[in-house]
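Everything below concerns the one structure shown next.
First listed ligand is number 1; within each ligand, the first listed atom is number 1.
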Amino acid sequence: SNIADNCFDIAVWNRTTSVTHDFVKNAGDLAPRITSTDTLEDLVAAIATPRAIILMVPAGQPVDDQIAALRPLLDDDDLIIDAGNALFHDTNRRAAEATGPFLGIGVSGGEEGARFGPSIMGGGARQYWDRVSHILEAISAKHKGTPCATWMGEAGAGHFVKAVHNGIEYADMQMIAEVYGVMRDGFGMSASDIGDVFARWNTGPLQSYLIEISGKVAQAYDPKSDGPLLDIIVDAAGQKGTGRWTAIEAQHLASPIPGIEAAVVARNLSSRRQERAEGEALFGGAPTSIPKDQLSIDQLEMGLIAGKILSYAQGFAMIEAASESYDWALPLPEIARVWREGCIIRSTMLDDMATALTNHPDRNLMRAPAFADQLKAHHMALRQIVAVGTLHGIAMPALASSIAYFDAMRTARGTANMIQGQRDYFGRHSFARLDGGEGWHGPWAD
Ligand SMILES: NC(=O)C1=CN([C@@H]2O[C@H](COP(=O)(O)OP(=O)(O)OC[C@H]3O[C@@H](n4cnc5c(N)ncnc54)[C@H](OP(=O)(O)O)[C@@H]3O)[C@@H](O)[C@H]2O)C=CC1
Ligand SMILES: O=C(CO)[C@H](O)[C@H](O)COP(=O)(O)O
């Protein structure tokens, strides 16, 4: 619909034909621009050459199957665009194996974004991006008139950036869930009052789509239970796997993203409902109630600001690491720019991040002056949340990981000298000395 709405003619096909028919039936004024097709052959015949075909199917085998089904029907210069969430290694492989033009693009924005303007992260040969960029820019979200659609680099670069976007999305969501937990279990607040807090935060530095919808989720009423809908939703988070891809890739790159990894772990833990119930029966429920003089709503806001900055710093540092490792030249400021509108992690803070990454391309975002100042102002609040929450038995893996990242990244003399001593002791791995030289061994080696 978004493509038709931007005055481009489009032919559509879906594996289940009734879905295609229903889609066109409900297209309203846009129907004249949309051609419904029942077979892949009809789809191909309905498109002007050279064709561009967008795939939007689940990651993995369905993408390979669709490419295999389509390619024999296409001309040599017809373009296939995988616009679903794909593991970027798969996109690299598909680009290398492709017998015709191929792009892998990351798209974010959910249903609303797909319809009215998503954020688009393009990957593949530049010449193919240039062929369709006018369409992708037209359908993308706009930030003050600038399209949130950019070519990120060759092959899987776009899908890689989208995976990190989703990793950050996981961390944002998890940290919001953790402060929700403090308000619900620590402060004993109702869902509706918590929703009011999120709504207020959405008018300040935390303004973002995820804070906005968290407020709306908390305020939703459930007629069936005659109470807050949030209170009746099962506390087990689903996941399609993009956060896991990001965590696994970060380990391959040796790029620390503890806040994002903790958010993936938290989703895995959330699904172990039976084990958690058994744990509570054995150990007793945690003493969650937090006295008001130990932690305030304002501290939650400040700590969340610090946690958010730190998880974005981790994500951007990971993109930088991949850029070097895969020889991509990923445009960090431009990535922050395309995330300002349309995507799930859109927020006003991303505009400042784009500026900071432009002005200080050589350093971790947490050390760019604008964000360093905020971290100086707010890291004690983050520390207080984690300390008080932990004392009261409230699990906060993402916020705790973020403060640990902050402390590790501002400690010149760490403790890995002990690790090196241990490694040399048991495996003669050697160590470097502060007063010079590598390849030293301790007396235990004699
Ligand atoms: N939902 C979202 O917010 C976002 C989704 N994405 C990505 O977009 C893609 C589509 O996601 P979404 O629509 O949400 O839901 P799904 O991932 O469930 O995909 C549903 C669509 O894929 C088709 N499909 C499923 N399996 C196959 C198959 N084996 N072969 C051919 N077609 C198949 C379905 O057809 P049928 O109707 O016949 O079942 C339907 O059209 C995914 O890669 C997803 O990660 C990206 C950004 C945001
Ligand atoms: O890409 C998206 C948003 O950006 C999709 O909504 C994706 O499904 C979200 O990930 P998950 O299902 O793992 O929560």
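- Set against the non-hydrogen atoms of E169, the atoms of ligand 2 under 4.0 Å away are 3 (C), 4 (O), 9 (C).
- For ligand 1, the protein residues placed under 4.0 Å by at least one non-hydrogen atom are N14, R15, T16, V19, M56, V57, P58, A59, P62, Q66, G84, N85, V107, G110, K162, K240.
- Of the candidates L40, I47, L79, I53 forms a side-chain contact (heavy atoms from CB on, under 4.5 Å) with just one, namely I47.
- Without hydrogens or angle criteria, D231 side chain to P228 main chain gives no donor-acceptor distance under 3.5 Å.
- Put simply, the side chain of R51 gets close to the backbone of V44: a donor and an acceptor are under 3.5 Å apart.
- Nearest protein neighbour of atom 8 (O) of ligand 2, counting heavy atoms only, is K240 CD, 3.5 Å.
- A distance-only check finds no donor-acceptor pair linking the side chain of S311 to the backbone of I168 [under 3.5 Å].
- The protein heavy-atom contact nearest to atom 5 (C) of ligand 2 is N85 ND2, 4.0 Å.
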Next item on the list: Take H165 and T242 through the test side-chain contact (heavy atoms from CB on, under 4.5 Å) and record every step on the way to the result.
Entry: CA-CA 9 Å; H165 165 284; T242 45; over 6 Å; no

Please tabulate, one pair per line, all N/O donor-acceptor pairs under 3.5 Å involving side-chain atoms of residues 58-66, not counting sequence neighbours.
unit_1: Q61; atom_1: NE2; unit_2: D65; atom_2: OD1; d: 2.9
unit_1: D64; atom_1: OD1; unit_2: R93; atom_2: NH1; d: 3.3
unit_1: D64; atom_1: OD1; unit_2: R93; atom_2: NH2; d: 3.4
unit_1: D64; atom_1: OD1; unit_2: R94; atom_2: NE; d: 2.8
unit_1: D64; atom_1: OD2; unit_2: R93; atom_2: NH2; d: 3.0
unit_1: D64; atom_1: OD2; unit_2: R94; atom_2: NH2; d: 3.2

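- Atom numbering of ligand 2 starts at 1 in the shown order; those under 4.0 Å from a heavy atom of H165 are 4 (O).
- Remark: R383 engages D407 in a salt bridge, criterion side-chain N to carboxylate O under 4.0 Å.
- A donor-acceptor pair under 3.5 Å is formed between the side chain of T37 and the backbone N or O of V12.
- At a heavy-atom cutoff of 4.0 Å, ligand 2 is contacted by the side chain of R267 but not by its backbone.
- Counting protein heavy atoms under 4.0 angstrom from atom 10 (O) of ligand 2 gives one or more.
- Close approach of ligand 2 to Y170 is summarised as follows: ligand atoms under 4.0 Å from at least one heavy atom of the residue are 11 (P), 13 (O).
- Taking every heavy atom of I344 and a limit of under 4.0 angstrom, the matching atoms of ligand 2 come to 3 (C), 4 (O).
- Using a distance-only test at 3.5 Å, with no hydrogens or angles considered, no donor-acceptor pair links the side chain of R33 to the main chain of I10.
- Below 4.0 Å from some heavy atom of K162 lie the following atoms of ligand 2, by number and element: 1 (O), 2 (C), 4 (O).
- A ring-centre distance under 6.0 Å is found for F88 and Y326.
- Without hydrogens or angle criteria, Q207 side chain to T348 main chain gives a donor-acceptor distance under 3.5 Å.
- Short contacts between ligand 2 and S108, defined as distances under 4.0 Å to a heavy atom of the residue, involve ligand atoms 4 (O).
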